[in-house]
Amino acid sequence: MWLGFGVFLGAACPGPTATTTEGSDTTTGNTDCLVGSVGCQCTPGGTCDGNLVCASKICVPLDDTSTGVTETNTDTDQPTAGTDTSAGECAPANGQPNAACGPEEPYCSTLGACVPCSGLASCAAVDPATPACDETSGLCVACTESDASGCTGATPICDPETQTCHACTRHDECTSGACDIATGACFPTDSALWVDGAGDCDDAGSGSEAEPLCTISEALTRIAVEPQAVLVRPAVYDEPLAVPAMSVVAIVRAGEGAVEITGSADATLGLGSQARVYLDGLEIRDNELGSGVACDAGELWIDCTWIRQHHVSGVSAVGCDVRVRASVLHKNLGEGVFASGGSVKLENSFITENGDKANADNPRGGVALAGGATATLVYVTLVGNNAYTGGGLSVECEPDAGVEAVSLRNSIAFNAVGYSTFNCEGVELVSHSAYSAATDEPNDDNLGVATAEVPMLVTADMAIPGVYRPTPGSKLDGVAMFEGGDPDVDFEGDPRPTDEPSFPGADQPPP
């Protein structure tokens with residue numbers, strides 16, 4: 001089953017009348033005009049024969065470059081022609097941009113010649129912010145496809161189309177394999193810890209790529225103060241995991257195949273207080289005692305991860321900020337996500353078949369909120385979730401002193417049964433979405449769907465449990481409306497229309 005899931009988880013100096021070919025003595029135009037002689041083109045280095053000087057790429061007598069001002073020689077009382085002491089077509093000859101040079105050769109070289117960036121010793125000397133030479137345009141730029149050395153710190157990624165540096169937003173953009181998305185910086189490469197539970201490994205070893213550790217738990221005991229990546233090769237890791245408090249850690253799959261984490265405890269993966277943790281490309285499953293991931297007053301970023309079949313919550317967060325992207329939370333007995341305080345944002349994800357009234361003490365369906373938590377769902381598919389009698393099957397808000405807030409946009413919320421889709425006392429803001437309702441709500445921009453219609457609108461993907469795909473050509477088409485800042489690709493990276501209505505939910509059918 002994971003193999004199917006893994007497939008988807010996974011930017012002018014006027015020229016002379018006679019020209020030369022650089023590096024040769026051949027000319028075009030007047031073949032009797034020798035490079036470096038009077039009236040002919042200067043050498044590529046901007047020099048001429050004898051007392052001639054290079055002006056506008058042509059060798060001319062020194063007098064032809066004079067300012068035309070005469071001065072009086074106080075010794076002889078004879079007029080003497082004033083001369084320009086610069087011997088070249090531009091000045092000062094400092095390797096900087098020069099107004100005398102055109103856009104194709106905008107820099108004045110140290111030889112006094114107008115040149116493109118390839119004629120400079122260093123673009124970094126022109127401006128440290130533009131250290132790369134774009135030979136096509138001739139300009140010094142922030143970065144190119146072949147030279148991203150100027151992209152560092154909080155802007156480590158080069159966009160070769162715009163030739164600008166930007167923050168990382170995905171782990172696979174970084175050579176280290178991990179991105180600190182909150183800051184935009186890549187995790188350091190040299191401090192990464194490698195884990196290979198199915199290969200040649202040693203928990204007493206260095207943890208380098210060549211000498212990997214055997215367990216993720218051992219890697220977590222070595223986490224230092226600075227941000228640190230744990231790169232995990234495919235294997236089954238039957239171990240509960242605890243991330244140290246106040247640490248910044250990325251646990252990322254390295255290689256093709258499934259990284260399955262199956263430990264049983266209060267949480268399979270627990271975050272210490274104020275930790276910032278990134279999960280990418282993992283499968284966290286089958287905790288028969290507690291929840292999949294538990295966060296306490298920290299930050300949790302989940303990408304391309306499958307969290308399923310836990311006894312309580314898929315994700316349980318208290319006072320945390322949680323971000324879930326392109327992931328599947330499936331068949332957790334209590335609820336897909338529980339958040340008390342803090343915030344939850346879900347994008348391009350499936351929250352399906354959570355809440356089991358027969359086997360859970362207090363099932364709360366797809367997303368359950370308490371303590372004034374806020375939830376934002378954009379292009380999310382909730383299907384088949386269930387909750388206690390009277391609860392919201394897709395989104396539930398507990399009747400406590402906190403005031404929760406819910407925004408559901410461009411999403412699908414089809415309950416397992418009935419029409420108790422939301423139970424948040426009217427604080428939910430729902431737009432451009434399709435959800436279980438007794439009527440089709442003709443007076444707003446949403447689509448109400450009867451329970452009997454659900455099988456005609458979405459279909460379970462047998463290769464990827466928990467994924468429900470919309471039916472092409474159904475009335476779901478045209479419900480969603482893209483807004484700036486929304487993900488412009490769907491769950492598996494397919495383009496999503498940005499200038500016209502489209503399908504709601506995590507998956508966009510092919511055109």
| request: Verify side chain to side chain contact (heavy atoms under 4.5 Å, CB included) between Leu220 and Leu241, making sure each step is shown before the conclusion. | output: CA-CA 8 Å; Leu220 292 176; Leu241 304 176; 3.9 Å; yes
Determine whether the interatomic SG-SG distance for [Y] and [X] falls below 2.5 angstrom.
{"X": "Cys158", "Y": "Cys165", "answer": "no"}
{"X": "Cys201", "Y": "Cys214", "answer": "yes"}
{"X": "Cys179", "Y": "Cys168", "answer": "yes"}
{"X": "Cys140", "Y": "Cys123", "answer": "yes"}
{"X": "Cys295", "Y": "Cys320", "answer": "yes"}

Using only atom types and a distance under 3.5 Å, with no angle test, would you say the side chain of [X] pairs donor to acceptor with the backbone of [Y]?
{"X": "Glu211", "Y": "Gly207", "value": "no"}
{"X": "His310", "Y": "Ile284", "value": "yes"}
{"X": "His330", "Y": "Arg308", "value": "no"}
{"X": "Thr215", "Y": "Glu218", "value": "yes"}
{"X": "Ser176", "Y": "Cys186", "value": "no"}
{"X": "Ser433", "Y": "Ser431", "value": "yes"}
{"X": "Thr381", "Y": "Gly505", "value": "no"}
{"X": "Asp477", "Y": "Lys475", "value": "no"}
{"X": "Ser349", "Y": "Leu346", "value": "no"}
{"X": "Asn348", "Y": "Val489", "value": "yes"}

Indicate whether any N or O donor in one side chain lies under 3.5 Å from an N or O acceptor in the other, for [X] and [Y].
{"X": "Asp321", "Y": "Ser343", "result": "yes"}
{"X": "Tyr388", "Y": "Asn362", "result": "no"}
{"X": "Ser273", "Y": "Asp296", "result": "no"}
{"X": "Asp238", "Y": "Thr262", "result": "yes"}
{"X": "Thr144", "Y": "Asp147", "result": "no"}
{"X": "Ser264", "Y": "Glu288", "result": "no"}
{"X": "Tyr435", "Y": "Asn415", "result": "no"}
{"X": "Glu396", "Y": "Asn423", "result": "yes"}
{"X": "Glu239", "Y": "Ser217", "result": "yes"}
{"X": "His166", "Y": "Thr155", "result": "no"}
{"X": "Asn332", "Y": "Ser313", "result": "no"}

| field | Residues Arg469, Glu492: salt bridge by 4.0 Å N-O rule | value |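 Counted as a salt bridge, because a side-chain N and a carboxylate O are separated by less than 4.0 Å.
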| message | Strictly below 4.0 Å, N to O, side chains only: are Glu299 and Arg323 in salt-bridge contact? | response |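 Salt bridge between Glu299 and Arg323, a charged N being under 4.0 Å from a carboxylate O: no.
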Could you grab the distance from atom [atom1] of [X] to atom [atom2] of [Y], nearest 0.5 Å is fine?
{"X": "Ser407", "Y": "Glu428", "atom1": "OG", "atom2": "CD", "value": "10.5 Å"}
{"X": "Arg253", "Y": "Glu283", "atom1": "CZ", "atom2": "CD", "value": "10.5 Å"}
{"X": "Asp356", "Y": "Asp361", "atom1": "CG", "atom2": "CG", "value": "11.0 Å"}
{"X": "Leu333", "Y": "Asn354", "atom1": "CG", "atom2": "CG", "value": "9.0 Å"}
{"X": "Arg285", "Y": "Thr268", "atom1": "CZ", "atom2": "OG1", "value": "10.0 Å"}
{"X": "Leu282", "Y": "Ile216", "atom1": "CG", "atom2": "CD1", "value": "7.0 Å"}

Do [X] and [Y] touch side chain to side chain, with heavy atoms closer than 4.5 Å?
{"X": "Asp159", "Y": "Gln163", "answer": "no"}
{"X": "Val195", "Y": "Val230", "answer": "yes"}
{"X": "Arg276", "Y": "Val249", "answer": "no"}
{"X": "Val458", "Y": "Ile412", "answer": "yes"}
{"X": "Tyr419", "Y": "Thr451", "answer": "yes"}
{"X": "Leu476", "Y": "Leu447", "answer": "yes"}
{"X": "Val126", "Y": "Leu120", "answer": "yes"}
{"X": "Gln508", "Y": "Asp494", "answer": "no"}

Return the minimal non-hydrogen interatomic distance between [X] and [Y], and the atom names on each side.
{"X": "Ser411", "Y": "Pro504", "value": "O-CB, 3.5 Å"}
{"X": "Val248", "Y": "Asp180", "value": "CG1-OD2, 3.8 Å"}
{"X": "Ala142", "Y": "Thr164", "value": "CB-CA, 4.3 Å"}
{"X": "Phe503", "Y": "Pro470", "value": "CD2-CB, 3.8 Å"}
{"X": "Cys304", "Y": "Ser327", "value": "N-OG, 3.1 Å"}
{"X": "Cys397", "Y": "Val406", "value": "SG-CG2, 4.1 Å"}

| task | Show the numbers, then the answer: is there a side chain to side chain contact (heavy atoms under 4.5 Å, CB included) between Leu300 and Val293? | result | CA-CA 9 Å; Leu300 175 62; Val293 183; 3.7 Å; yes
| said: By the definition ring-ring contact (aromatic ring centres under 6.0 Å, His included), identify the one residue from Phe414, Tyr468, Phe491, Trp306 that meets it with Phe350. | reply: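 Running ring-ring contact (aromatic ring centres under 6.0 Å, His included) over Phe414, Tyr468, Phe491, Trp306 with Phe350 returns exactly one hit, Phe491.
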| Can you list the steps and then say if Val315 with Glu335 is a side chain to side chain contact (heavy atoms under 4.5 Å, CB included)? | CA-CA 8 Å; Val315 174; Glu335 52 275 333; over 6 Å; no
| task | Applying side-chain contact (heavy atoms from CB on, under 4.5 Å) between Val324 and each of Asp303, Thr305, Leu329, report the one that passes. | result | Leu329
| field | Ring-face cation of Arg364 near Phe338 (centre distance under 6.0 Å, axis angle within 45°) | value |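 Cation-pi check for Arg364 and Phe338: passes.
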| said: Looking at Asp203, I want to see if its CG is surrounded by more than 12 non-hydrogen atoms of other residues, nucleotides or ligands under 6.0 Å. | reply: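 Counting neighbours around CG of Asp203, more than 12 heavy atoms of other residues, nucleotides or ligands fall under 6.0 Å, so yes.
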| query | Which is it for Arg409 and Asp486 under the salt bridge (charged side-chain N to carboxylate O under 4.0 Å, His left out) test, yes or no, and what are the steps along the way? | reply | CA-CA 10 Å; Arg409 186 165 52 80; Asp486 289 350; 2.8 Å; yes
| side chain to side chain contact (heavy atoms under 4.5 Å, CB included) between Val252 and Phe187, intermediate numbers included | CA-CA 12 Å; Val252 178; Phe187 276 74; over 6 Å; no
